[in-house]
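One structure below.
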Amino acid sequence: MTRGTGRVAGVGEAHPAVDLPTGWRALARRFFDRPVAELAPALLHTLLVRREDDGSLTAARLVEVEAYGGRDDPGSHARRGPTRANATMFAGPGHLYVYFTYGMHWCVNVTARAAPGEGAAVLLRAAAPVRGLDRMRARRPTARRDRDLCAGPARLAGAFGLTGAADGLDLCAGGPVFLATDGTPAPARPGRSTRIGLAPHRCGGIRWRWYVPHDPYLSRPGGS
DNA sequence: GGTGTGATCGTA
DNA sequence: ACGATCACACCA
């Protein structure tokens, strides 16, 4: 699968126009074109949306994200410059960066502005399902409760059927995957912590995880 | 509710 | 070797 062509596995060619529910609007390039630590908390309460093959929408509201930067960020895939696997982190703001980890899981990021020659992206860690719950359940039969469908980066990727085939997709080109807002603002006082799952020497003391306080759909209870 | 562990493979 | 993880077993 070619990168960034507006195609996703199991999905046809990019569709130029998407009929969104009343009050929803797709996020434009300028939304993503800012420093990653500013973009990340601004993504809370926005909607990840996928237009399925049959025209139906799968959507979930983001409640937990993490920022990953460039050479100065010891926890980032981009810390050592571009490689085959992390190339999309260097593709400019508003692209989908999907990577493979632990030999079996996919995780989804949204790229942000970065310094010249550097990369940056926001890991989508958890979301509250909004539409297409049946399809999410079909893709994730091991999820016992609906609150487990998108509670975790690999779970979220699984619920949306996003794999390496979606890596490099442009989120601002009318393609099958994009972000939208229904007018719900990001929390004025988001929860904040260090990032999850990083080896101690890679944390760098950086508190680049943001989440919606007390939200039931977080990847870990209580959020902190 | 919590903790501990095996699975599994592309990349460096 | 090592992961920006998950599901399940087991204990409480």
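All figures in this text were calculated on a predicted structure; none of them were measured in a lab. Chain naming here is simple, since letters A, B, ... match the order of the sequence lines and numbering starts at 1 in each.
The existence of a salt bridge linking R147(A) and D215(A) is excluded, since no basic side-chain nitrogen approaches an acidic carboxylate oxygen closer than 4.0 Å.
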Nucleotide N/O of nucleotides 9-12 of chain C paired with protein N/O under 3.5 Å:
none

Can you give me the N/O atom pairs linking the protein to nucleotides 10-12 of chain B at distances under 3.5 Å, or say none if there are none?
| unit_1 | atom_1 | unit_2 | atom_2 | d |
| --- | --- | --- | --- | --- |
| dA12(B) | OP1 | T83(A) | OG1 | 2.7 |

For nucleotides 2-8 of chain B, list the nitrogen or oxygen atoms of the protein found under 3.5 Å from its nitrogen or oxygen atoms, one pair per line.
| unit_1 | atom_1 | unit_2 | atom_2 | d |
| --- | --- | --- | --- | --- |
| dT8(B) | O2 | Y102(A) | O | 2.4 |

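I206(A) has its CD1 atom 13 Å from the C1' atom of dA4(C), to the nearest Å. In this structure, CG of L96(A) is placed 18 Å from P of dA4(C), rounded to the nearest angstrom. Per the geometry, CZ belonging to R147(A) stands 15 Å off P belonging to dC6(C), to the nearest Å. Atom-to-atom, OH of Y68(A) to P of dG3(C) comes out at 12 Å; the value is rounded to the nearest Å. As rounded to whole Å, 16 Å separates atom P of dG3(C) from atom CD1 of I196(A). Rounded to an integer number of Å, the gap from R145(A) CZ to dA7(C) P is 11 Å. Whole-Å rounding puts the R220(A) CZ to dT5(C) C1' distance at 11 Å. Atom CD of E64(A) is separated from atom P of dA4(C) by 16 Å (rounded to the nearest Å).
No donor-acceptor pair closer than 3.5 Å links the side chain of S76(A) to the backbone N or O of D73(A). Side chain of T111(A) to main chain of G94(A): a donor-acceptor pair is present (N/O by atom type, distance under 3.5 Å, no hydrogens or angles).
Between dC2(C) and R202(A), no contact under 4.0 Å exists linking OP1 or OP2 to a side-chain N or O. Contact between the side-chain N/O atoms of T142(A) and the OP1/OP2 oxygens of dA7(C) is found at a separation under 4.0 Å.
In terms of heavy-atom proximity, P129(A) sits nearest to A60(A) at CA-CB, 3.9 Å. A121(A) approaches V36(A) most closely through the heavy-atom pair O-CG2, 3.5 Å. Of all non-hydrogen atoms in A128(A) and V63(A), the two that sit nearest each other are N-CG1, 4.4 Å. Of all the heavy atoms in P74(A) and I206(A), the pair that sits closest is CD-CD1, 4.1 Å. A pairwise comparison of heavy atoms in R195(A) and E66(A) identifies CA-OE2, 3.4 Å as the closest pair. Taking all atoms of both residues into account, the shortest heavy-atom contact from Y217(A) to A127(A) is CB-O, 3.8 Å.
Side chains of R135(A) and S56(A): a donor-acceptor N/O pair is present below 3.5 angstrom, by distance only. In this structure, a donor-acceptor pair under 3.5 Å is absent between the side chains of T58(A) and R50(A).
For C107(A), counting side-chain heavy atoms from C-beta on, the closest listed nucleotide (dT5(C), dG3(C), dA7(C)) is dT5(C).
Considering only residues two or more places apart in sequence or on other chains, Y99(A) meets the ring-ring contact (aromatic ring centres under 6.0 Å, His included) condition with H77(A), Y97(A). Not counting sequence neighbours, the partners of R113(A) by the salt bridge (charged side-chain N to carboxylate O under 4.0 Å, His left out) test are D33(A). R189(A) meets the side chain to side chain donor-acceptor pair (under 3.5 Å) test with no other residue; sequence neighbours excluded. Scanning for salt bridge (charged side-chain N to carboxylate O under 4.0 Å, His left out) contacts around R71(A) gives an empty result, with sequence neighbours left out. For R61(A), the salt bridge (charged side-chain N to carboxylate O under 4.0 Å, His left out) partners are D182(A), not counting sequence neighbours.
At a non-hydrogen distance threshold of 4.0 Å, N109(A) from residues 109-121 of chain A come into contact with DNA chain C. Residues of residues 150-160 of chain A having a heavy atom closer than 4.0 Å to DNA chain C, listed by number: G152(A), P153(A), A154(A), R155(A).
With a 4.5 Å cut-off on side-chain heavy atoms, V49(A) and L179(A) do not count as touching.
Applying the ring pair (Phe, Tyr, Trp, His ring centres under 6.0 Å) test to every pair with at least one member in residues 103-129 of chain A, sequence neighbours left out, gives these pairs: F100(A)-W106(A).
Rounded to whole Å, the separation between the P atoms of dT5(B) and dA12(C) comes to 15 Å.
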Completion exercise
Dot-bracket assigned to DNA chain B with the 3.5 Å Watson-Crick/G-U criterion, [ ] for crossing and | for other-strand pairs, is |||||||.|||.

Exercise for the section: Before giving the answer on side-chain hydrogen bond (donor to acceptor under 3.5 Å, both in side chains), spell out for R207(A) and T194(A) the whole-Å C-alpha distance, their side-chain angles and the decisive distance to 0.1 Å. Expected result: CA-CA 4 Å; R207(A) 297 172 64 235; T194(A) 54; over 6 Å; no

